[in-house]
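Note sheet for the following structure.
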Amino acid sequence: MAMVLYHCEKARSFRALWTLHELGITGYRLVTMPFPPRFLAKGYTKVNVLGTIPYFVDGETKMTESCGIPLYLVQKYGPTPLAVQPDESDYGAYL
């Protein structure tokens, strides 16, 4: 399965969208829906039973946490200066 990001304008899913852009990842599918999708995007709860945004799919990996998705992308598709390392003073704030 290809990489897919389910997104709503002005939603926390922008974190994942920004990370995809900053990493230069292309070829993913962006699905933009009305907010809140659990009520306004018919059939969305069949894709994501929680009906929440973001919803990210990368092969067998499925994620809904808006801070976890960028961390996943940075670690999986890095190396990149976007990754804050444990020995850096602002590592706690990064997490």
Side-chain angles (χ1 to χ4, degrees):
M1 180 183 287
M3 192 181 293
V4 182
L5 175 62
Y6 293 85
H7 168 68
C8 290
E9 193 174 308
K10 298 180 183 176
R12 291 183 182 128
S13 52
F14 185 76
R15 295 171 178 160
L17 184 59
W18 171 83
T19 306
L20 288 163
H21 173 76
E22 288 295 316
L23 287 171
I25 296 173
T26 60
Y28 61 89
R29 190 171 130 224
L30 178 64
V31 179
T32 304
M33 298 178 294
F35 188 83
R38 77 173 57 95
F39 299 114
L40 299 177
K42 188 175 180 168
Y44 180 58
T45 55
K46 291 179 181 167
V47 174
N48 173 8
V49 296
L50 298 174
T52 57
I53 288 296
Y55 186 60
F56 175 75
V57 179
D58 184 18
E60 296 297 314
T61 301
K62 296 172 176 68
M63 303 178 73
T64 60
E65 176 52 53
S66 68
C67 291
I69 297 165
L71 183 60
Y72 167 85
L73 290 167
V74 163
Q75 291 187 353
K76 182 164 184 181
Y77 295 101
T80 173
L82 294 175
V84 180
Q85 300 304 315
D87 61 342
E88 295 181 49
S89 62
D90 52 357
Y91 182 69
Y94 169 69
L95 294 177

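Keep in mind that the numbers below use all heavy atoms, side chains included, and drop hydrogens, waters and symmetry copies.
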Are [X] and [Y] close enough that some pair of their side-chain heavy atoms sits under 4.5 Å apart?
X: Tyr77; Y: Met3; value: yes
X: Phe56; Y: Glu65; value: no
X: Leu71; Y: Tyr94; value: yes
X: Ile69; Y: Arg15; value: no

Task: Atom of Pro37, atom of Gly51 and distance for their closest heavy-atom approach - done: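 Heavy-atom minimum between the residues: CG-O, 3.6 Å.
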
Open item on the list: For Ser66 versus Pro70, what's the shortest heavy-atom pair and its separation?
Closed with: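 Minimum heavy-atom contact is O-CD, 3.0 Å.
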
Spatial distance of atom [atom1] ([X]) from atom [atom2] ([Y]) [nearest 0.5 Å]:
X: Ile25; Y: Asp58; atom1: CD1; atom2: CG; answer: 8.0 Å
X: Arg38; Y: Leu50; atom1: CZ; atom2: CG; answer: 8.0 Å
X: Thr32; Y: Leu17; atom1: OG1; atom2: CG; answer: 7.5 Å

Open item on the list: The test is side chain to side chain contact (heavy atoms under 4.5 Å, CB included); show your working for Ile53 and Arg12 and say whether it passes.
Closed with: CA-CA 7 Å; Ile53 288 296; Arg12 291 183 182 128; over 6 Å; no

Open item on the list: Would you say Tyr72 ends up clustered with Leu95 if hydrophobic residues are merged whenever their side chains have heavy atoms under 4.5 Å apart, either directly or through other cluster members?
Closed with: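 In one cluster with Leu95: Tyr72, yes.
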
- [ ] Would you kindly confirm whether Leu20 and Leu30 end up in one hydrophobic cluster when ILVMFWY residues are joined by side chain heavy atoms under 4.5 Å apart?
- [x]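 Linked, Leu20 and Leu30 end up in one cluster.
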
TODO: Can you tell me which residue pairs pass the ring pair (Phe, Tyr, Trp, His ring centres under 6.0 Å) test with a partner in residues 12-49, sequence neighbours excluded?
DONE: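 Every ring pair (Phe, Tyr, Trp, His ring centres under 6.0 Å) pair that includes a residue of residues 12-49, provided the two are not neighbours, is Tyr6-Tyr44.
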
Between side-chain atoms of residues 81-93 and protein atoms elsewhere (two or more places apart, or another chain), which donor-acceptor pairs fall under 3.5 Å?
residue, atom, partner, partner atom, Å
Glu88, OE2, Gln85, N, 2.9

Task: Residues in salt bridge (Lys or Arg N to Asp or Glu O under 4.0 Å) contact with Lys46, at least two apart in sequence or another chain - done: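 Here no residue qualifies.
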
